[in-house]
Asks: 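Supplied in structure tokens, the structure appears directly below.
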Number of protein chains: 2
Amino acid sequence: MQTREKRRPNERSRATLKEVASKVGVSICTASVVLNNSNSGSRVSDATRTAVIEAARELGYRANQIARSLHAGHTHVIGVVPAATETNILLGPHLQHVLNGIVNETEVHGYDLSIITRCDQSRPSDLLDALLGGRMDGVIVVAPRSNSRLIPLLRDEHLPMVVIDGDPEMCDNIYVIDNDTSVRRAIQHLVDLGHRNIGHIAGPQDLFAARIRKDAFFREMSRLGVPLKLEWLQVGVFNIPSGEDAMNRILRHDELPTAVFCANDEMAFGAIRAILAKGLRVPEDITVVGFDDVPFAAMTTPTLTTIRQPVDEIARAATSALIGYIEEGVPIGSRTFPGSLVERMSSAPPRR
Amino acid sequence: MQTREKRRPNERSRATLKEVASKVGVSICTASVVLNNSNSGSRVSDATRTAVIEAARELGYRANQIARSLHAGHTHVIGVVPAATETNILLGPHLQHVLNGIVNETEVHGYDLSIITRCDQSRPSDLLDALLGGRMDGVIVVAPRSNSRLIPLLRDEHLPMVVIDGDPEMCDNIYVIDNDTSVRRAIQHLVDLGHRNIGHIAGPQDLFAARIRKDAFFREMSRLGVPLKLEWLQVGVFNIPSGEDAMNRILRHDELPTAVFCANDEMAFGAIRAILAKGLRVPEDITVVGFDDVPFAAMTTPTLTTIRQPVDEIARAATSALIGYIEEGVPIGSRTFPGSLVERMSSAPPRR
DNA sequence: CTGAAAGCGCTTACAG
DNA sequence: CTGAAAGCGCTTACAG
């Protein structure tokens, strides 16, 4: 009866604890106690207990999580701040893979995931309100830009945080692949095949992964005594068209590399497309190697030789560590994960 | 000083409204009023106003959104229940595309997105607690299974809801591509090319998109008078390996189709791979047509002829309608979006 | 076995 | 111009 009094059109009204209590004729605290099976409730008479449960069922009672969170001081939701991109923030197979890994882990711990998108530079305070307004117990930042003010800010605010694909010098809680060793594997692979004319398509330099892979490329080339040609060094933005463009810029030169190492798979796909479009072949004319091993790397023609990141493992480990810190205060720390070379059809010895 | 008294290790303590108020020596309601610029606050003296603002800044005050939501009765978060899959729930380029479109739209409206994953059948009540606990203002269900009890349940609970890729007979608020017409375009394309031996790799039949596409395939074939061969009809689960398996089952027969229509792109990729692995060519020996036009459809070899879904538009329209309903009560309704044939390299006339 | 009370942090009429 | 009070819906000691 009185459950109805508040119903306005267009506004759902869930039954409240007060309603079930009054329906049974007990106090709302008693109702709360039996509905939560809390220990204090072990001493509720069976009669009232069943009555309350019955009433709750009839009324379709469901505890308001907001009220509960206000009291408890936590929400069981974890925020994710995706890699900063201008637009279409969620696109890209690697981020998707990371997100999936995160979800895999939050699910087993009973957390929900909130994707924080309002990163719009024009209203940065929106982002902070969302993050710091108590709506999430912790946050996972994926691939922050190196100039991101977010990381130091969140650290100062003591919001539990872990960073995936970030610079270990940026903060303490970084989960990331061992880029140095991985790039070395890639270059070593090319040199082992006999390549001495090697180009590189780098990613956006304000992204840690892009910068460190480029640095590692330089270092490795020089360590192995392979001469560098600056015309064969181009920069893209980690997506397919930019890889295509970058490759086309390389292809404009008279002398061509026999191999190109791309800082991620998508740019490698673009590079392959550019090469094929010029009537050249992969790998016969130019070898292409990527980084990430996204699922489609095994589906392209030719299939892509690349560095596999244990993405699911990295994402789950980071998430699990974050939750461990939230719930039990165990320090998150940083972890580095090994990458591995996956040899497929896009790499082969140079022809001549 | 007293801001410190509550600090326990391992627990972030944001300054509270009470703290800034007491620091200035005003009531918390005055503080609230100036910090919110609410109209009642137009009559606060400039002196107190600046004092409060200053104090808030010094203390790093940030309103607790949970408390605010409890009072306001809304949260500005929208939940997404992704397509039901056994595992790795977020994978798949089409879902990713949908998610991206949703985010594009929530972002402009200042909503955050919560991904509800605890769909685990073993504890269905978790899902409902998450959904109905007042933590989200509305929910977007993507590609529910036809036996899903979720839809009727949410409807009964009056939680604002819109469904993407669902059965229009299932509920009132469905945003979906016009599958019938789209499939007809695909089949017409094959028949126009001269194909009369056409196979179909269908998706999981408890998914609306899969079922209706299969039905449309049958209807269209019979309308055009093209004979059906049951050996050329196989069922997959909308991913690459299952498309590969399905195609392999087709390839086991003596007589082969000259064209195969796949219910989504991923299965089409798998089909192509199976065909190539048998030493046959696409499209020379067998034409393959997909459905969705995921980004990679333009990147495979051969590139994939497929039906383009205006995914971003569908997702954004659904999201926008949901928010319109939440905020202003305008009915969501249902909408159907046209698909279009994208002709690429995987389709050609049959050889003989 | 059960209830009155305080509190989570905020907002909003309503008085002064 | 400013504050006391009630309330959002729930939980949890603490009394009886």
Side-chain angles (χ1 to χ4, degrees), chain A residues 3 6 8 11-52 56 59-76 129 132-135 137, chain B residues 3 6 8 11-52 56 59-76 129 132-135 137:
Chain A
T3 66
K6 282 190 194 163
R8 284 173 259 154
E11 170 152 328
R12 69 182 181 289
S13 73
R14 195 122 359 266
T16 185
L17 192 56
K18 177 157 50 162
E19 284 165 5
V20 353
S22 86
K23 170 158 185 160
V24 183
V26 300
S27 75
I28 91 169
C29 99
T30 299
S32 168
V33 156
V34 352
L35 259 16
N36 287 310
N37 255 159
S38 46
N39 48 2
S40 346
S42 52
R43 294 167 298 176
V44 174
S45 76
D46 278 358
T48 44
R49 170 178 302 279
T50 42
V52 167
L59 260 30
Y61 171 75
R62 207 166 286 276
N64 181 316
Q65 304 292 337
I66 296 292
R68 200 173 252 182
S69 288
L70 181 57
H71 187 269
H74 62 251
T75 59
H76 267 220
D129 283 346
L132 300 173
R135 275 191 346 208
D137 295 343
Chain B
T3 66
K6 281 189 191 163
R8 283 173 259 153
E11 171 152 326
R12 68 182 181 289
S13 72
R14 193 118 5 263
T16 185
L17 192 55
K18 178 158 47 160
E19 284 165 4
V20 353
S22 87
K23 169 157 187 159
V24 182
V26 299
S27 76
I28 93 169
C29 100
T30 299
S32 170
V33 155
V34 353
L35 259 15
N36 287 312
N37 254 160
S38 46
N39 49 0
S40 347
S42 53
R43 295 168 297 180
V44 174
S45 76
D46 278 359
T48 43
R49 171 179 303 278
T50 43
V52 167
L59 260 30
Y61 172 75
R62 206 165 288 274
N64 181 316
Q65 303 292 337
I66 297 292
R68 199 173 253 180
S69 288
L70 180 57
H71 186 269
H74 63 250
T75 59
H76 268 219
D129 283 346
L132 300 172
R135 277 193 341 210
D137 295 343

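Side chains are part of it too, since the values below use all heavy atoms of this structure and drop only hydrogens, waters and symmetry mates. Reminder, nothing fancy here: chain letters follow the sequence lines and each chain counts from 1.
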Asks: Take atom CD of A/Q65 and atom C1' of D/dC8, then tell me their distance rounded to the nearest Å.
Replies: 15 Å
Asks: Separation of A/R49 atom CZ from C/dG3 atom P, in whole Å?
Replies: 14 Å
Asks: Check this one for me: any side-chain N or O of B/N36 less than 4.0 Å away from OP1 or OP2 of C/dT11?
Replies: yes
Asks: From the options A/L17, A/V33, A/V26, select the one residue that forms a side-chain contact (heavy atoms from CB on, under 4.5 Å) with A/V52.
Replies: A/V26
Asks: Tell me whether the OP1 or OP2 atom of C/dT11 has a side-chain N or O from B/R68 closer than 4.0 Å.
Replies: yes
Asks: What is the distance, rounded to the nearest whole Å, between atom NE2 of B/H71 and atom P of C/dC8?
Replies: 17 Å
Asks: Using the side-chain heavy atoms of A/S45, tell me which of these nucleotides is nearest: C/dT2, D/dC10, D/dT12.
Replies: C/dT2
Asks: If you assign B/S27 and A/L70 each to the DNA chain D nucleotide with the nearest heavy atom, which residue ends up on the more 5' nucleotide?
Replies: B/S27
Asks: Whole Å only: how far is the CD1 atom of A/I28 from the C1' atom of C/dG3?
Replies: 11 Å
Asks: Using a 4.0 Å heavy-atom cut-off, does A/T48 contact any base of the nucleic acid, only the sugar-phosphate backbone, or nothing at all?
Replies: sugar-phosphate
Asks: Under 4.0 Å between any heavy atoms, over every strand shown, what does A/A63 touch: base, sugar-phosphate, or nothing? Just pick one.
Replies: sugar-phosphate
Asks: What's the NZ-P distance between B/K18 and D/dA4, to the nearest Å?
Replies: 13 Å
Asks: What heavy-atom pair brings A/R135 and B/T75 nearest, and what distance separates the two atoms?
Replies: NH1-O, 3.3 Å
Asks: Side chain of A/S32: nearest nucleotide among D/dT12, C/dT12, D/dG9?
Replies: D/dT12
Asks: Provide, to the nearest angstrom, the distance between the CZ atom belonging to A/R62 and the P atom belonging to D/dC10.
Replies: 12 Å
Asks: Without decimals, in angstroms, what is the distance between A/D129 CG and C/dC10 C1'?
Replies: 14 Å
Asks: Among D/dC10, C/dT12, C/dT11, which is the nearest nucleotide to the side chain of A/Y61?
Replies: D/dC10
Asks: Expressed as a whole number of angstroms, how long is the span from A/L17:CG to C/dG7:C1'?
Replies: 16 Å
Asks: Watson-Crick or G-U wobble partner for C/dG3, using a 3.5 Å limit on both distances?
Replies: D/dC14
Asks: Has B/S32 got a side-chain atom pairing as donor or acceptor with B/I28's backbone, closer than 3.5 angstrom?
Replies: no
Asks: If you look at every heavy atom in B/I66 and A/G134, which pair is closest and at what distance?
Replies: CG1-O, 3.3 Å
Asks: What's the closest nucleotide to the A/A67 side chain, out of D/dC10, C/dA5, C/dT11?
Replies: D/dC10
Asks: Do the non-hydrogen side-chain atoms of A/R68 and B/D129 ever get within less than 4.5 Å of each other?
Replies: no
Asks: Taking the nucleotide of DNA chain C with the closest heavy atom to each, which residue, B/N64 or A/T30, is nearer the 5' end?
Replies: A/T30
